[in-house]
*Asks:* 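Before anything else, here's the structure in question.
Note that the coordinates shown come from a computational prediction; the quantities given were computed from them, not determined experimentally.
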Amino acid sequence: MPDGCSIRAIWIFSNFDAVIFSRRFPVVEKRWRTACKTENDRCISDDLNSSVSPVLPNDSELAAAFVERKNREGSAGGFGIRIIQSSEGSDSWVDDPITRHIIGLHVKKEEGDSIFMWPLILHIKNHYSILVLPIVEPRHVKEYSCLCRRSDCGSAIGAESSLSSLLLDLPSITGAFMVALAIGDVITGDVVEPDVLVSASPSVGGLLDSLTGSIGISGISARAKPVASPSISATPSSNTAIGALNSDVPRPLDKDALRSFLSSSMPFGTPLDLSYSNIFSIKANGYSSSDPPPADLKQPAWKPYLYKGKQRVLLTIHEIINAAMYDRDEIPDKISVSGQINCRAELEGLPDVSFPLAGLNKARIEGLSFHPCAQVPEHGIDKQAVMFSPPVGNFVLMRYQAICASGPPVKGFYQLSMVSEDKGAFLFKLGLMEGYKAPLSMEFCTVTMSFPRRRIVSFDGTPSIGTVSTTEHSVEWKILTSGRGLLGKSIEATFPGTIRFAPWQIQRLHSPSSLSASVDEVDSDVESESASNVVNIEEFLMEKMSKDLPPVELEEPFCWQAYNYAKVSFKILGASLSGLSVDPKSVSIYPAVKAPVEFSTQVTSGDYILWNTLDKCPSVASEKI
């Protein structure tokens, strides 16, 4: 069978485990049946009893197998590792976490036969479960079936076969993952392109720019605004799609739009272009029939039609800063930056754009990846040039991982001490933008204390700066609000206070095996009798916090042990925190055209966590050199 990716079938399940959409590709199925016949004939000639099924099950048979696996494995993804509940022949028996995403199904046919299907790519997006079945060679299916029945656990050292080596031989699985992700974005409306910022007013340059830039926080200079790609406006129901993205109510599946996307992006089952914006741009604008490119230039797949209009180039560095702040001598603080350069090049024809990356000598870049349209002709510690033939619309030119060059923008400590079972005293002492100078400015900053398992009854405390609001399960401290940012200076903020919760139900202390108990049994803020009969209340509370409060969800690691952290949210404009930059004057375009180049930066917080210095916290031991 030739290399590449072809898809045999696609199924979409609702949150009630019913198939609400399916698509089979007969051209790929014909190839599969031919391969099965060859493999099964070989098995007969070799006196082997192993065979693979040449046909696909119907939707009801597949749904029954999916529900059976879900019940057996505990969830749609499954256990991922071999545990006591694992059964021989199941995915978790393989003892590899990747089996939470690449699954196999034992399907019982209505005629009484049973067939085994693998590899099924499972992607869960909002209220939908998406299964994508790529074509592989029948021998690969047999090899995985043998792994599901092997007595030893995991990938044994020296073993001839393992799941890792098997997957390395199957590049089609990577393509199937891309198909599943694209379908998930389409059916949930998550098709927003990367933000590219542009000033609301044109740049004058020179002295005036430097003056207005230094007092822009007062509102004299216009605030940068995101630019939307024109291709999105051509997308059917784009407004309702994006608006429904964060809704808790399942969005009705637009089957016509999905069929149209699949027919255009992967005709006959072979993915060609999974870009949602490209597909609908072609439908709205057609291919480039007028003014075709010169015969010696090949039009790339990522640019299906040529741009016509006013020319310009927009570049935005968007960085997300993640941090774990401990304020402890034995645990160092952790801070990292993940960034990307977003681009929008409104240029006629098929030009090449190139520029050097500035600031690499001080930016500690740990990893780089580029868009397929890019070439990187120069490499070096202090030199990195990028040349690319830009596609239409907004796109991510480059992604990178880096270390923050200027220290944490928010540092300090958070302390919470439970003085009784239902009352806690807390203290924040924070420093904002220490060591940062203009043009860096913090647009807003908010600190949130979450209490997912306790209901707040009352709150008392006054911060040194900002305002405070509460909900049933959180306290939000707005240190800086939009329009009142912080430019060229630092501030200190303190916030002492007390918080009272609804009474906690007194229960017997559980053994560690009780951590699998239902959350409903332990998460109850109801009236109960006093704990006055406990001799050491502090010891009692610590024991209760350790044993009666299991993690909320494995997918929500920061909800660990009810009240151990505060989360900081902020936005910083003016420059990147990694030190990486682009000089608009160094951007060159070939063939040369008059096109203004605008550059902007934006830094936002990701998981920026202040761990409670008076309680337990997760950490990883650093390697000693």
*Asks:* Is the ring pair Phe395/His371 parallel, tilted or perpendicular, if the boundaries are 30 and 60 degrees?
*Replies:* perpendicular
*Asks:* Taking the six-membered ring for Trp, are His473 and Phe451 ring centroids under 6.0 Å apart?
*Replies:* no
*Asks:* For Ser474 and Ser450, does a side-chain donor sit closer than 3.5 Å to a side-chain acceptor?
*Replies:* no
*Asks:* Walk me through whether Asp422 and Arg454 qualify under side chain to side chain contact (heavy atoms under 4.5 Å, CB included).
*Replies:* CA-CA 9 Å; Asp422 302 322; Arg454 301 301 302 265; 2.9 Å; yes
*Asks:* With side chain to side chain contact (heavy atoms under 4.5 Å, CB included) as the test, would you mind laying out the steps for Ile124 and Phe13 before giving the verdict?
*Replies:* CA-CA 9 Å; Ile124 300 175; Phe13 290 81; over 6 Å; no
*Asks:* Would you call the rings of Tyr608 and Phe570 parallel, tilted or perpendicular, where under 30° means parallel and over 60° means perpendicular?
*Replies:* perpendicular
*Asks:* Evaluate the side-chain proximity of Arg82 to Ser92: yes if any heavy-atom separation is below 4.5 Å, no if none is.
*Replies:* no
*Asks:* For a side chain to side chain contact (heavy atoms under 4.5 Å, CB included) check, start with the C-alpha distance between Lys142 and Glu39, then their side-chain angles and the critical distance, and finish with the verdict.
*Replies:* CA-CA 10 Å; Lys142 293 181 178 181; Glu39 179 69 15; 3.1 Å; yes
*Asks:* Using a 4.5 Å cut-off on heavy atoms from C-beta on, say whether the side chain of Ile130 contacts that of Ile187.
*Replies:* yes
*Asks:* Taking atom types as modelled and ignoring hydrogens, do the side chains of Asn126 and Thr188 form a donor-acceptor contact shorter than 3.5 angstrom?
*Replies:* no
*Asks:* Specify the closest pair of heavy atoms between Val447 and Ala566, including all atoms of both residues, with the distance to one decimal.
*Replies:* CG1-CB, 4.1 Å
*Asks:* Less than 4.5 Å apart, any side-chain heavy atom of Ile121 and any of Ile102?
*Replies:* yes
*Asks:* According to side-chain contact (heavy atoms from CB on, under 4.5 Å), who are the partners of Ser87, at least two apart in sequence or on a separate chain?
*Replies:* Arg72, Ser90
